[in-house]
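Predicted, not measured: the structure shown is a model, and the values here were computed from it.
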Amino acid sequence: MKQRSVQRGVQTPNDLRKPGSGPTLGKVAKMPGYGRRGTRRRRNHDDDYLMQRQQQRGTRVAVWFIGIGLVTVVALCASFKFWVYPLLQGENRPTESLRVAAEAKVKVASKFKSPSREEALALVKKAIGLRKAEEVEQVIRTGSASALEVVGFLEAMQAEDGDITKYIWMRSVDKNGLLLEGVLVNFGKADNVKRRIAFLTPDAKGVWKLDFEAFARRVEPSWKALLEEGAESGVVRVYAAKDTYFNGPFREEQNWVAYKLVTPDTEDVLVGYCKAGSAQNRAMEMLWQHGEVAMARVTLEIHHPEKSAGAERTQFEISRVLAEDWVLAEKPFEEGL
């Protein structure tokens, strides 16, 4: 083989360089994928999108906080305007009548010391055991009854109600602006227990006495006269509860408010009606102002509607609310509101 043919296929870097030029790497092929949209560029795009979402979420949270803050400020301003400010200005003070009643109760309570449990029980036992008319005024507040009527009732009470089995001290049960101490008296056996409430109240000199009319649940005229003999009106001591029975002359529900009236002294259930919005209606609603019981004791003046109106014999209109409980004060309960 000739030496010249071998040298033709071999080139050295020096053979490719021109005089005065520097060394080069020569022709280099590009790497696969160079210049295309690659993974790095997609990652940058996703980061921008997430950042935009976070900014939007942050904006929404800020808007919510601002909205809640504004609502809170408005609520505080409204509370100040309608509650705090009127209190500071004295616009929400109790009415004059309630203030006077409260002051009267405090005066009575501070003027006369209440009897202890033992003193209250002893006084009730002494009053119930009286059988002499001349001793009645010493321990009993008779009201419209005479001393002879009181003694006659006490003598007949045992035959009517049975033997006394228990005395239960009820402590203070102040109503009608009066200072009252109560003792529950149980009669009869366990299967037929009857009860009466002995209310004690001080007289003008501070002497505590049993209120006879409340203890006897005195009714004028009698229940027989009111329900059977056609008496037009009467004063009754009853338990009252709200009712929804509207019939006869009281069928217009928008004009009347109904109350169920019951008493242990008759099996009949009465319904008493007040004109909606009347003084009697307001007084009756005050019986449940503290939401204590479903049935409340009350003393009422009631009357039958005219016979031509078609009322049932147990339907009555409440003409006056005399007492919040069964003890009468100097002023009717409805007039003190």
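Taken together through direct or relayed side-chain contacts under 4.5 Å among Ile, Leu, Val, Met, Phe, Trp and Tyr, Trp288 and Met295 form parts of separate hydrophobic clusters.
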Evaluation steps, side chain to side chain contact (heavy atoms under 4.5 Å, CB included), between Val238 and Leu300: CA-CA 8 Å; Val238 293; Leu300 303 172; 4.2 Å; yes
Could you go through Asp325 and Thr299, starting from their C-alpha distance and side-chain angles, then the distance that decides it, and tell me whether this counts as side chain to side chain contact (heavy atoms under 4.5 Å, CB included)? CA-CA 6 Å; Asp325 210 297; Thr299 305; over 6 Å; no
For a side chain to side chain contact (heavy atoms under 4.5 Å, CB included) check, start with the C-alpha distance between Leu210 and Val139, then their side-chain angles and the critical distance, and finish with the verdict. CA-CA 6 Å; Leu210 182 144; Val139 291; over 6 Å; no
Which is it for Met170 and Val183 under the side chain to side chain contact (heavy atoms under 4.5 Å, CB included) test, yes or no, and what are the steps along the way? CA-CA 5 Å; Met170 299 171 58; Val183 175; 5.9 Å; no
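Here Glu253 pairs with nothing under the salt bridge (charged side-chain N to carboxylate O under 4.0 Å, His left out) rule; sequence neighbours left out. For Ala133, the side-chain contact (heavy atoms from CB on, under 4.5 Å) partners at least two apart in sequence or on another chain are Ala147, Leu148, Val151. Here Phe199 pairs with nothing under the ring pair (Phe, Tyr, Trp, His ring centres under 6.0 Å) rule; sequence neighbours left out. In this structure, the side-chain hydrogen bond (donor to acceptor under 3.5 Å, both in side chains) partners of Glu213, at least two apart in sequence or on a different chain, are Ser144, Arg237. Residues satisfying the salt bridge (charged side-chain N to carboxylate O under 4.0 Å, His left out) criterion with Lys242, sequence neighbours excluded, are Glu285. For Ser278, the side-chain contact (heavy atoms from CB on, under 4.5 Å) partners two or more places apart in sequence, or in a different chain, are Cys274, Lys275, Gln280, Asn281. Legend: residues meeting side-chain contact (heavy atoms from CB on, under 4.5 Å) with Ile168, ordered by chain and number and at least two apart, are Lys166, Leu184, Asn186. Remark: Glu149 pairs with Ala145, Ser146, Arg218 by the side-chain contact (heavy atoms from CB on, under 4.5 Å) rule, at least two apart or across chains.
In plain terms, the two heavy atoms of Pro305 and Ala311 that are nearest each other are CG-CB, 3.7 Å. In this structure, Met157 and Phe187 approach most closely via the heavy-atom pair SD-CZ, 3.7 Å. The two residues Glu181 and Val173 come nearest to each other via the heavy atoms C-CG2, 4.4 Å. Across Ser114 and Leu179, no two heavy atoms sit closer than the pair OG-CD2, 3.9 Å. When all heavy atoms are compared, the tightest approach of Pro115 to Ala120 is CB-N, 4.1 Å. Nearest heavy atom pair, residue Trp208 against residue Leu200, reads CZ3-O, 3.4 Å.
Screening Thr244, Val269, Val271 for a side chain to side chain contact (heavy atoms under 4.5 Å, CB included) involving Lys260 leaves a single residue, Val269.
Once rounded to the nearest 0.5 Å, the distance linking CD of Glu312 with CG of Leu270 reads 11.0 Å. We find the CD1-CD distance between Ile318 and Glu334 to be 10.0 Å, quoted to the nearest 0.5 Å. To the nearest 0.5 angstrom, Leu130 atom CG is 15.0 Å from Lys125 atom NZ. Taken from CZ in Arg171 to OG in Ser116, the straight-line distance is 11.5 Å, to the nearest 0.5 Å. Between atom CG of residue Leu178 and atom OG of residue Ser172 there is a gap of 12.5 Å, rounded to the nearest 0.5 Å.
The stretch residues 128-142 participates, sequence neighbours left out, in these side-chain hydrogen bond (donor to acceptor under 3.5 Å, both in side chains) pairs: Arg141-Asp211. Within the structure, ring-ring contact (aromatic ring centres under 6.0 Å, His included) pairs that include any residue of residues 225-251 comprise Tyr239-Trp326, Phe250-Trp256, Phe250-Tyr273 (at least two apart or interchain). Judged as a ring-ring contact (aromatic ring centres under 6.0 Å, His included), the pairs with a partner in residues 141-178 (not counting sequence neighbours) are, in order, Phe153-Phe212.
Side chains of Gln158 and Asp163: a donor-acceptor N/O pair is present below 3.5 angstrom, by distance only.
A donor-acceptor pair under 3.5 Å links the side-chain atoms of Lys194 to the main chain of Glu160, judged by distance alone. At distances below 3.5 Å, not a single donor-acceptor pair connects side-chain atoms of Glu155 with backbone N or O atoms of Gly152. Looking only at distances, a side-chain donor or acceptor of Asp203 sits under 3.5 Å from a matching main-chain atom of Val207. A donor-acceptor pair is defined here as one N or O able to donate and one able to accept, closer than 3.5 Å; no such pair exists between the side chain of Thr263 and the backbone of Thr266. Looking only at distances, no side-chain donor or acceptor of Glu220 sits under 3.5 Å from a matching main-chain atom of Gly234. Of the possible polar contacts, one joining the Arg196 side chain to the Phe215 backbone as a donor-acceptor pair under 3.5 Å is found. A distance-only check finds a donor-acceptor pair linking the side chain of Ser319 to the backbone of Glu301 [under 3.5 Å].
Taking 4.5 Å as the limit, every side-chain heavy atom of Val219 sits out of range of all side-chain heavy atoms of Arg217. A 4.5 Å side-chain heavy-atom check between Leu261 and Val236 finds every atom pair outside the cut-off. No side-chain heavy atom of Ile140 sits under 4.5 Å from any side-chain heavy atom of Lys209. Arg320 places a side-chain heavy atom less than 4.5 Å from the side chain of Glu335. Between Ile128 and Val185 there is a side-chain heavy-atom pair separated by less than 4.5 Å.
No more than 12 heavy-atom neighbours from other residues, nucleotides or ligands sit within 6.0 angstrom of CD on Glu232. The environment of Glu267 atom CD is sparse: at most 12 non-hydrogen atoms of other residues, nucleotides or ligands sit within 6.0 angstrom.
Clustering of Ile, Leu, Val, Met, Phe, Trp and Tyr side chains at separations under 4.5 Å places Leu328 together with Val235, Leu322.
Checked against the 6.0 Å centroid threshold, His303 and Phe316 do not count as a close aromatic pair.
For Asp268 and Arg313, the salt-bridge test passes: some basic side-chain N is under 4.0 Å from an acidic carboxylate O.
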